[in-house]
There are 2 protein chains.
Amino acid sequence: MIELRHLRYAVAVAEEGHITRAAARLGIQQPPLSQQIRALEAAIGAPLFRRQPRGVELTAAGRAFVGKARAILRDTELAVEAARRASRGQEGQLAIGFTSSAAFHPFVTGVMREMREHAPAIKLSLEEASTGELIEAVEADRLDAAFVRSPSERLDNLTITHLLDEEMLVALPDHHPRARRDPRRRISLSSLADEPLILYRRPTGPGLYDSIIAACRAAGFSPKVAQEATRMVSTLSLVAAGLGISIVPESMARLETAGVSYLRLDRAAGLVAPLALARKKAPAGGTLGRLLAIVTRRVKDRAGV
Amino acid sequence: MIELRHLRYAVAVAEEGHITRAAARLGIQQPPLSQQIRALEAAIGAPLFRRQPRGVELTAAGRAFVGKARAILRDTELAVEAARRASRGQEGQLAIGFTSSAAFHPFVTGVMREMREHAPAIKLSLEEASTGELIEAVEADRLDAAFVRSPSERLDNLTITHLLDEEMLVALPDHHPRARRDPRRRISLSSLADEPLILYRRPTGPGLYDSIIAACRAAGFSPKVAQEATRMVSTLSLVAAGLGISIVPESMARLETAGVSYLRLDRAAGLVAPLALARKKAPAGGTLGRLLAIVTRRVKDRAGV
DNA sequence: AATTTGCATATCTTTTGCATATGGATCGTC
DNA sequence: GACGATCCATATGCAAAAGATATGCAAATT
């Protein structure tokens, strides 16, 4: 029967290209390692290594196997970690993720503050990443839940709860002629057609990027994307530097960025930044249950107001 | 150290909900199984099962772990299979996949025939699936190579070689007024704007579906998709039944489907069905090398003619 | 209260993974 | 061309660990 030991040994031998050296690295002697490799090859029914006078070399079968073996060993580590985390979760630990654009939203910060106050014993660990990475982390049980934007792709595995829709604002340099207008008046999206646009796009996943492009298309023009930034804050820095304008969620406007003004958009633009909570579909007990209770109550309160 | 044995045992116990019954299923006695489960829990540092008077029940940690354990055990099986296949490949075995729309193409059938003739000792195993499924199978080493349509998504892992572009024909019922026209004259895509269209779409992946929609958009109209079929042949049956027209690769026209006529499209439509070969990026030796040699020679020959 | 059910503990047996010692093949060097 | 070095394979012994048997203990059923 094949065991993880065989995989660990095969990977070590493949990496060292030497049975003897691999044995040293594994902290065992050479003969037993030779034995185990032979046993593995017998179980598979195919040679994984070509024995050569100066070491060993992977066969085609070996390459195919060792690649997958590495993944299996990594997955095993992850499984152990996930179990540990789930167990700690029952006793008061919670790992939460945010997209960078959600981190400053008062809803999110409010929930976190309330968790701290009402259950100070629960250790919170926070992580910032893109929506795509967060979804992946929740699926892999590396996070208990994540605040994400645009629940675009439905995943059977996850429950994605829509929390609220946030208005999006136009960010433009202070010295821009439009920045002097009455700040209460709303402007139309199409009036920005000629402005160079700076957008925020993470390497993984679509997120808000596509919604903005789509809204511009709906407004009858194709935006001139002057630059793409990988972090939302750097988008604002580029705006301040006068390279163009941008469109960001309202909560980002709370960051006092010198040199940036904000304008409200016409409601007709239909441009909103949805905020959602993603979590595993499995029954949520323990600390995650506490978080969900707080979140759902706050969503209800908002609806009432 | 955690071994696959622990995972196998944990999965069995989780599925049976009983240590005793799981032991029977595993062909061992109850006490050693209890021991191994304990050892696993100790290694993880968290209990996976809640011992109850009438059996055992998964904890939250247990659920997280067992789910991943199942995947790991499956992956291990796949790794072994992949290694076996790779090994057999060296000695003369080759697993090839097709999309259903490529299976009848003379290029593909020609390559297969030549393989048979020049290397009859090589055992070919063929599989038909959608482009998406085939790509996945090649990535997972379940197939050595696959003839696919539209190499849309670039994958770091794979080499996708474009082989040729095939013309696409309009398929329409015999009794359709247009079917009586001179078969040599080409018709424009836009002249089909009002016809109900029957398209072929596999549940997974885009494939030709999107190219057709895109070409119609480019021609200035949005096609009326009357029906979608999951197999290309059933598309033709629906056409024969008079439910609408369709657009299929030229090689499909070789299937003599009673009641279906074909018309050539205007070149301006720019509607072609690309045929490509997908394979792992790894150095291709053995039987796969033979196949590649035949394929590249034939591509060159075509270019010459 | 008695019986059954099912996991845990204790002790013994057997398997097997690992160590030590040695043999054999190939390469480089004198 | 012989010699030593390098590296894998084979042989044998030992010790750790997986598994078997017997028994204990707790909760639920009757």
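Since the structure is predicted, the reported quantities are computational estimates derived from the model, not experimental observations. The figures that follow rest on heavy atoms only: side chains count, while hydrogens, waters and symmetry mates do not.
Shown here for A/Leu58 and A/Arg63, the closest heavy-atom pair between the two residues is O-NH1, 3.8 Å. When every heavy atom of A/Ala82 is checked against every heavy atom of B/Lys68, the shortest pair comes out as CB-CE, 3.5 Å. Taking each heavy atom of B/Ile96 and B/Met112 in turn, the nearest pair found is CG1-CE, 4.2 Å.
Straight-line distance from the CZ atom of A/Arg54 to the P atom of C/dG24: 19 Å, rounded to whole Å. Atom CG of B/Leu33 and atom P of D/dA18 are 12 Å apart (whole Å). What separates CZ of B/Arg50 from C1' of D/dA26 is a distance of 18 Å, to the nearest Å. Note: CZ (B/Arg51) to P (C/dT9) measures 9 Å, nearest angstrom. Computed from coordinates, the B/Gln29 CD to C/dG6 C1' distance equals 14 Å when rounded to whole Å. Nucleotide C/dC7 holds its P atom 11 Å from the CD atom of B/Gln52, rounded to whole Å. As a whole-Å value, the separation of A/Met1 CE from C/dT15 P is 17 Å. Atom CD in A/Glu41 sits about 12 Å away from atom C1' in D/dC8, given to the nearest Å.
Here the nucleotide nearest the side chain of B/Pro31, chosen from D/dA9, C/dA10, D/dC7, is C/dA10. Among the nucleotides D/dC8, C/dA19, C/dC27, the one closest to the side chain of A/Pro53 is C/dC27. Here D/dC7 is the nucleotide among C/dA21, D/dC7, C/dC7 with the atom lying nearest to any side-chain atom of A/His18.
Listed pair A/Ser34 / D/dA9 meets the phosphate criterion, a side-chain N or O lying under 4.0 Å from OP1 or OP2. Contact annotation: A/Arg38 reaches the phosphate of D/dT10 (side-chain N/O to OP1 or OP2, under 4.0 Å). At D/dT6, none of the side-chain N or O atoms of A/Thr20 fall inside 4.0 Å of OP1 or OP2 (strictly under the cut-off). Checking the phosphate oxygens (OP1, OP2) of D/dA18, a side-chain nitrogen or oxygen of B/Gln36 falls inside 4.0 Å.
Comparing A/Tyr9 and B/Pro32 by the nucleotide of DNA chain C whose heavy atom lies nearest to each, the residue mapping closer to the 5' end is B/Pro32.
Rounding to the nearest 0.5 Å places CD of B/Gln30 at 5.0 Å from OG1 of B/Thr20.
Between the side chain of B/Gln30 and the base of C/dA8, at least one donor-acceptor pair of N or O atoms lies under 3.5 Å.
Salt bridge A/Lys281/A/Glu139: absent, no basic N to carboxylate O contact under 4.0 Å.
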